[in-house]
**Student:** 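Handing you a structure now.
Proteins get letters first, then strands, A, B, ... in listed order; numbering begins at 1 in each. Quick caveat: nothing in here was measured; it's all calculated off a predicted structure.
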Amino acid sequence: MKARVHVTLKNGVLDPQGKAIGHSLNRLGFPEVGEVRQGKFIELELAGTDAAAARTRLDEMCRKLLANTVIENYSIEILS
Amino acid sequence: MKARVHVTLKNGVLDPQGKAIGHSLNRLGFPEVGEVRQGKFIELELAGTDAAAARTRLDEMCRKLLANTVIENYSIEILS
Amino acid sequence: MSSERNPPVKLPNEPAITPAIVAEHGLAPDEYQRLLRIMGRDPTLVELGIFSAMWSEHCSYKSSKVWLKKLPTEAPWVIQGPGENAGVIDIGDGEACVFKMESHNHPSYIEPYQGAATGVGGILRDVFTMGARPIANLNALRFGDPAHPKTRHLVSGVVAGIAGYGNCMGIPTVGGETNFHAAYNGNILVNAMTVGVAQADRIFYARATGVGNPLVYVGSKTGRDGIHGATMSSTEFSEDSESKRPTVQVGDPFVEKLLLEACLELMATDAIVAIQDMGAAGLTSSSFEMAAKGDLGVEVELDRVPMRETGMNPYELMLSESQERMLIVLKPGREELARKIFEKWELDFAVIGRLTDSGRMVLRWHGDVVGNIPIPPLVTEAPMYKRPWTPTPLPAQVQSASVSDPKDWKASLLRLMSCPDLASKAWIWKQYDHLIMGNTAIRPQDGDAALVRVPGSQKALALTSDCTPRYVQAHPETGGRQAVAEAWRNITATGALPLAITDNMNFGNPQKPEIMGQFAGAITGMAEACRALDFPVVSGNVSLYNETEGRPILPTPTIGAVGLLQDVARGVGARLTQGGLALVLIGRTTGWLGQSLALRELHGREDGAPPPVDLALERRNGDFVRSRIAARDVVACHDLSDGGLLVALAEMCVAGGTGATIEVPPDAAMRQGWLYGEDQARYLIATRDAAPLLEAAHAAGVEARRIGVSGGDTLAVRGLLEIGLAELRSAHEEWLPAYMNAAA
Amino acid sequence: MKAAVLVFPGSNREGDIARAIELVTARKPQMVWHGDGDFDAADLIVVPGGFSYGDYLRCGAMAAQSPVMAEVKRRAARGVPVLGVCNGFQIITEAGLLPGVLMRNRQLKFICGDVHLRVETGQSLFTNRYQSGQVIRVPVAHAEGNYFADAETLRRLEDRGQVAFRYCAPDGTRGGTGNPNGSINDIAGVFNEGKTVLGMMPHPENAIEPLFGGGDGRGLFEGLVEALS
Ligand SMILES: Nc1ncnc2c1ncn2[C@@H]1O[C@H](COP(=O)(O)OP(=O)(O)O)[C@@H](O)[C@H]1O
Ligand SMILES: [Mg+2]
């Protein structure tokens, strides 16, 4: 099974990388770019076939390691 | 308009982060996790309403800044 | 015994060897004929790949070898000269210093971050392979014209890559140099140097011994990275080199840190017979060199190599340049001990073969022999060229009369201090952890060489890298001499005794006689300087074909140098931190403006003969300066190089936050030449009392003269200029950050 | 004082801090491998700097989940003092021993060099050798030292005097170019509520000898010895 986790900064948390990217884009000749936020995503190969069970496990992985829930939100997709 | 760009390492390119994350998950009690790849995504607010034009511009932004096309692939989504 | 009688099996889908495939592998037709003679049959693809890698310029030094032999490599303190992974010198108390410099030019141009990062990773491995713990890194960088559209991106990526790798490894990056010139527009130079310390009687070498001993693979898994990197770095660039991109390797400094610790842990046992990192041409060159050095054969079971991807074949495994891997020959029966150590550090470990007495490299793939090459002829019959060369004539001397004084002296100094070559490189070295390990006594910009304490002792190593490519371009022999002399001087200026150098010869296409002439000239000059200064070459690296569309780089023989100071507390820097000190100029000043930065930056001219290098004078003046530092007569010292006297003084003032006032002597032939000329063998010293220093100089037959005094918060040349330190500092420090932050 | 210094894969300043402790206490600290969930009793637990697990994913995140950190949390709860420096600060923050997070530096670059710090309070195990308001000079070396906490947390930190050090100019003026990474409220180090846990980005262990960057960091170790012996 394949799954994908998206991790994003919570609203209100300053995103220095996103801000810098936005700045750079403006300077590079893309004035149309407004706010930019950067996040990460993680693709995982998982043994097993039970999507619901996998989702529970992934949720645990996110809370334990993949996201810092103090400042980040996460979302889980099962791809196949 | 809102757009989202996903940037991933090309196939075959070593992903040290993904490797370390996979390892950690295994150690933390998630033996079902196989290969892990990490990528980033960037959400952008864009002025304008022409989705096709935006896509062209985003493509340019990716090649110029957002992705390192030597080792990374990118994909563009227009969200709204 | 496997022999010629067992021709290898062909793999499914293996292409026939056509002239096109041979050419793709960079083998000239006569080189291929030589291969056929050695093999006595057509090679398989993997065999062809091995020949191609081993006979590439990068691995075989076929164009440069005849010249490199001219460099002096011996001295009583040299433990290991060129030919091993790194050079080794004795630094007393049973300790040795292990160091080397290596280029990663082409990869860094294609992918600056990863190219530079893996360059650092590679040179670190060269040093810790020998049993040394790295204690310092340096980097010598040459970029194109700042106005060139690619330059900013390259600077940013290269610096981040060096920082990313070195910082994670926990090795301080303590020095380097950074130049800009249009000749590097399509071909930047990234030369990285690592310095390590080992016990002198615990050095590890690559020479394999002991038939039957196991061959062990450790580190990261093998992927399809950089296949044919060695061949790529041995050919010229063309516009379509962008299509060679998949050969880029990605570094994993975290794994390298584990590999370093694991290797040092294993080295502390007595399990190792020989060890060699997998650098250019990966498994091929490492296994080949270990066997060749021991006059042995080797059998490798390629299917046992840890693989990162599925479907990899013998060709890919032999030629992959995946990073963070080592090959070790163990003593018999030590496999489990070694395995435990590598598994503790979470690294791959596999016994992949053994040494044989066949003198052949036999490659097996799931039991079948897929390659079988005799080792000695591949080494002894490797192509070696004495390529035709034409010497570069010495250009005419610049006539002083043809260079008018600047209209505005103050503006001229500000202009020089903020020009790309002289502007502060703090934006770069602040991204490097230069303090970790707690041994950095002289930091970047605070002295001519970095001063790094040898862990656990009072001793310190003085480290620098130097080359003035515009001098080498104008007259290679003088330039080669000057590069060595400046490195020697920079070490001397801290009070340390210069001991040995590593060199990184960056040149254009050696098949052009004028390029080969630059190479020959530079080597000749370097060799003279090394001899005159007792400064042998103990390691080095050659990077040729640094050309784009036929336009070569400036010839750049970078010199990395190491010196020793017995007591770190006796070292001096170049910072002027107090008023009331006498400023004494050591050495002879003629006002040489040819090839000077002043000529280029203030007059737009890049011509003339470079300043001559009188090696006897260098030696006399340097030995004198070192003796006065040892006698505690010197508060601060700076060698004079780019920009001459006034720039050196301005650097001392800015670094130390104290001003100075000097006077142009009435007998100076020409004020501009006196202030900005680049005569060699000179130092500027700050001392509490000039009299004894001048007296000692006189006694030693060294020219010395008091030119001014420190103090205040301006830099003044009586009657010509006065600049506030704050203004001077901004001019010096703002250029690079402003350039890097500007829109592309 | 008996100190334990944790070692994770990728730690690289454990030697620096062990040497600082040894210089001040004349006693080598115990080095504790990350896999060891149990280690000898110690008066002080140090989580050193470096790039544990390569700083991949988030700095300190993987190390925070190691067996040794579970034990550190148990001991910290019993009041055993914990000092986290740089990556160690990131690790103990990820482990929940301190509030807030360390984000990418404002300029997105690794930064190495001396900074000035204002000691916010001389009243703690860690800072008793300094005066409140004293300015000290120590180096930083990090890419993720930009301290952030939400408004509520920040207010609590400030109200309870949990800010240990702030970046400042040489004369003690807060902020401006003295803040090298964009940290909120110029925060360079924070305590837990009981002031038994300190996390800080700067490296006092690299400021213990005048010839090598000055001696302003030495007081922190001397103060600990005094408090814990
Ligand atoms: N790429 C770099 N990495 C680290 N330090 C650098 C780099 N480039 C320049 N520096 C430092 O900046 C200072 C000035 O460099 P340079 O003008 O080449 O010195 P010098 O003329 O004394 O040889 C030196 O301390 C040098 O180590
Ligand atoms: Mg110099």
**Student:** Quick one: NE2 on B/His23 to OH on D/Tyr56, what's the gap to the nearest 0.5 Å?
**Tutor:** 12.5 Å

**Student:** Name all residues meeting the side-chain hydrogen bond (donor to acceptor under 3.5 Å, both in side chains) criterion together with D/Gln162; count only those two or more places apart in sequence or in a different chain, and write none if there are none.
**Tutor:** none

**Student:** Looking only at heavy atoms, which two atoms of B/Ser24 and D/Met62 are closest? And how far apart?
**Tutor:** OG-SD, 3.1 Å

**Student:** Counting only heavy atoms not in D/Asp159, do more than 12 sit closer than 6.0 Å to its CG atom?
**Tutor:** yes

**Student:** Any sub-3.5 Å donor-acceptor pair from B/Gln17's side-chain atoms to D/Leu57's backbone N or O?
**Tutor:** yes

**Student:** Has D/Lys2 got more than 12 heavy atoms of other residues, nucleotides or ligands less than 6.0 Å from its NZ?
**Tutor:** yes

**Student:** At a heavy-atom separation under 4.5 Å, does B/Leu28 approach chain D through its side chain, its backbone, both, or neither?
**Tutor:** side chain

